[in-house]
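The block underneath contains the structure these notes are about, expressed in structure tokens.
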Amino acid sequence: MSARGVFDGTAEAVARDLIGATFHVSGIGGVIVETEAYDATDPASHSFGGPTRRNGPMFGPPGRAYVYRIYGLHWCFNLVCDGARRGSAVLIRALEPRSGLDVMRRRRGLKADAALCSGPGKLCEALGIDAALNGADLTQPPFAFVLPSRSVAISQGPRIGVTRGAETPWRFGLAGSRFLSRPLSAVETAT
DNA sequence: GTTCCGATGTACT
DNA sequence: GTACATCGGAACG
């Protein structure tokens with residue numbers, strides 16, 4: 001699948017496909033180990049109920065970033081996907097740090113490696129993602145994606161921090177990874 | 001290990 | 001005014 005094509009699937013499919021992919025921002029990054037899917041039919045999604053000033057990028061073309069501030073303090077980074085159905089996106093929740101560890105530690109305040117990117121807010125701080133990248137094209141610098149070449153074991157479960165749609169099992173993780181924001185249980189295999 | 005809490009921008013009632 | 005796709009530190013065991 002091409003770097004552009006990977007974003008043109010349902011949120012659930014893209015969230016699954018990106019587990020094990022490498023992701024860098026200006027050369028800083030690592031392996032995506034945790035994602036969550038959201039779409040317009042989903043009461044937990046910002047896109048549920050249609051476009052607003054904040055969620056604009058979710059209703060634009062796939063392959064763009066949707067960055068928003070949460071709890072007034074942190075940033076969350078999403079990949080807009082599904083060209084056939086607007087309002088779909090994948091939240092990147094955790095990364096296994098591989099490149100630019102020194103930069104990440106400086107930005108995060110010298111945290112242990114497993115705590116550098118183990119959550120959506122932490123990951124944005126470590127990678128330097130903020131509102132300046134909202135709406136940016138994910139197929140162009142500073143972004144770089146490389147999909148996994150081998151099949152990876154994926155765990156799946158309910159999403160974190162949501163109240164509405166809490167049962168929907170749209171959180172995906174690299175099975176057994178110690179870099180997750182929180183553990184997952186059920187295991188299956190995917191590419 | 002656990003629970004509780006404060007920080008505080010933006011959307012929405 | 002209230003809720004929210006969070007985090008880190010304090011208090012406790």
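All chains are named by letter (A, B, ...) in the order of the sequence lines, taking the proteins before the strands, and each is independently numbered beginning at 1.
Judged by distance alone with a 3.5 Å cut-off, a donor-acceptor contact links the side chain of A:Tyr68 to the base of C:dA5.
Salt-bridge check for A:Arg86 with A:Asp39: failed, with every basic side-chain N at 4.0 Å or more from each acidic carboxylate O. Classification of A:Arg93 and A:Glu36 as a salt-bridged pair holds, one side-chain N sitting under 4.0 Å from a carboxylate O. Look at A:Arg108 and A:Glu125 and you find a salt bridge, because one of the NZ, NE, NH1 or NH2 atoms lies within 4.0 Å of a carboxylate O, short of that distance.
Partner assigned to C:dA3 is B:dT10, using Watson-Crick or G-U wobble distances below 3.5 angstrom.
For A:Lys122, the listed nucleotide lying nearest its side chain is C:dC7; candidates were C:dA5, B:dA11, C:dC7. Residue A:Tyr71 places its side chain closer to C:dC4 than to any other of C:dC4, C:dA5, C:dC7. Proximity note for A:Ser45 (side chain, C-beta onward) versus C:dA5, C:dC7, C:dG8: the nearest is C:dA5.
Distances shown here put every side-chain N or O of A:Lys111 at or beyond 4.0 Å from the OP1 or OP2 atom of C:dC7. Checking the phosphate oxygens (OP1, OP2) of C:dC4, a side-chain nitrogen or oxygen of A:Thr163 falls inside 4.0 Å. Between C:dA5 and A:His46, a contact under 4.0 Å exists linking OP1 or OP2 to a side-chain N or O.
Checked against the 6.0 Å centroid criterion, the rings of A:Tyr38 and A:Tyr66 do not qualify as a close aromatic pair.
Residue-to-nucleotide proximity on DNA chain C shows that, of A:Glu125 and A:Met58, the 5′-proximal contact is made by A:Met58.
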